[in-house]
Each structure stands twice: as structure tokens, then as C-alpha cells.
Amino acid sequence: MYTMLQACRETNMTYEALKFYCNEGLVPNVKRDQNNRRVFDSHDVAWIKSLTCLKNCGMSIQEMKEYLDLCLQGEATIPIRKQILARKRQELLDRIAQLEESVRYVDEKQQFYDDVLSGKRPYVSNLIRIGGKES
């Protein structure tokens, strides 16, 4: 069994986040010790790690609750869960493409600035007019 702090360390989650997830009902069947403190078993910890992944996939609390509800319904809901995860996967791939485009932009700008600083090319700007002309 894991205490809240041990579960936090194991899942790399803050105490506040884990408490919030528990209060939101995202960690079902939370057990309590003799002092009424939450305790978690290895299944709980594995699920909490899954919640972190779902959050990183961009799932809202409401979407996580819906996904949890489907999980609790058992094997019959696997096709629906697969559809949800497929959509999230595509959204992640779209975000990766956007991030890659942003990295390309930054790389191009860095190269432009290096070229200007080294004298390989003149400085031009889309924001500053140089010599009465818009650059």
C-alpha cells in the first residue's frame, strides 16, 4: 500500500493534483487507513499513471471521467475507448506537426540572426522601415 506522498512520488504527481483527482472521482475505490487517510495499491498507482498520460494527451477532466466510466463498464466498451484514443492520437500528431513547424521557424530566425551578426546578409525587418522603405 502507498500513502498519498508515496503515490505522488511513484507517479510523479503533486500532492494537490492527486488530491484533486481523488476528489473529482477520477481514482475509483480509494481506500482509507485507520486514520482515514487515503491509501493506494499497485492498481491505483498504475491507474494514476494512466491519468497523467491522458492529461498529457489533452484530455479534460470531463473527458477523463467519461473514459473512466467506460473503463469501469468493462470489456464491452473497448471499441469506444479505442475510438477516443485514436482521436487523441491524431490530435497529438497534429500538435507535433505544429511544434515541428515552430521549431523550423525558430531555426530559420536563428540562422538569419547569425548571418546578420556575421555580416553575411543585411538586416531586414517586416516591422521597421529602413531608409523610408518598408523592409
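Quantities reported herein were computed from a predicted structural model and do not represent experimental measurements.
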Minimum heavy-atom separation for [X] to [Y], with atom names?
X   : Y   : value
T3  : F40 : O-CD1, 4.0 Å
P28 : L72 : CG-CD2, 4.3 Å
V30 : C22 : CG2-SG, 4.2 Å
G25 : L68 : O-CD2, 3.2 Å

Contacts of Q90 meeting side-chain hydrogen bond (donor to acceptor under 3.5 Å, both in side chains) (sequence neighbours excluded), chain-then-number -> D94
Across all chains, not counting sequence neighbours, the side-chain hydrogen bond (donor to acceptor under 3.5 Å, both in side chains) partners of T52 are none
Just say parallel, tilted or perpendicular for the rings of Y67 and W47, cut-offs at 30° and 60°.
parallel
Connected via hydrophobic side-chain network under 4.5 Å: [X] and [Y]:
X    : Y   : answer
L70  : I78 : no
L92  : M64 : no
V103 : I96 : no
L99  : L93 : no

How long is the span from the [atom1] atom in [X] to the [atom2] atom in [Y], to the nearest 0.5 Å?
X    : Y    : atom1 : atom2 : result
Q111 : K120 : CD    : NZ    : 6.5 Å
N56  : K88  : CG    : NZ    : 12.0 Å
Y2   : I48  : OH    : CD1   : 10.0 Å
R81  : D69  : CZ    : CG    : 10.5 Å

Treating S60 as the side-chain partner and E63 as the backbone partner, does any N or O pair qualify as donor plus acceptor under 3.5 Å?
yes
Sequence-distant partners of K31, salt bridge (Lys or Arg N to Asp or Glu O under 4.0 Å), two or more places apart
D41, D44
Does E16 pair with K19 as a salt bridge, N-O distance under 4.0 Å?
no
Other members of the hydrophobic cluster containing [X], with the 4.5 Å side-chain heavy-atom rule, please.
X    : result
Y105 : V106
L117 : none
M1   : V39

Taking I84 as the fixed residue, which of M59, R89, E66 is the one that meets the side-chain contact (heavy atoms from CB on, under 4.5 Å) rule?
M59
Starting from the C-alpha separation in whole Å, work towards a yes-or-no answer on side chain to side chain contact (heavy atoms under 4.5 Å, CB included) for M13 and Y21.
CA-CA 10 Å; M13 187 178 284; Y21 280 8; 3.6 Å; yes
Answer yes or no: are there more than 12 heavy-atom neighbours, outside [X] itself, under 6.0 Å from its atom [atom1]?
X   : atom1 : result
K55 : NZ    : no
N29 : CG    : no
N12 : CG    : no

What's the verdict on side chain to side chain contact (heavy atoms under 4.5 Å, CB included) for R37 and R32, showing C-alpha distance, side-chain angles and the deciding distance?
CA-CA 5 Å; R37 289 185 223 134; R32 301 271 181 168; 5.8 Å; no
Decide yes or no for L51 and V27: does some side-chain heavy atom of the first lie under 4.5 Å from some side-chain heavy atom of the second?
yes
For a 4.5 angstrom cut-off between non-hydrogen side-chain atoms, does L54 reach L85?
yes
Scan side-chain atoms only and decide if Q110 and D114 contain a donor-acceptor pair under the 3.5 Å cut-off.
no
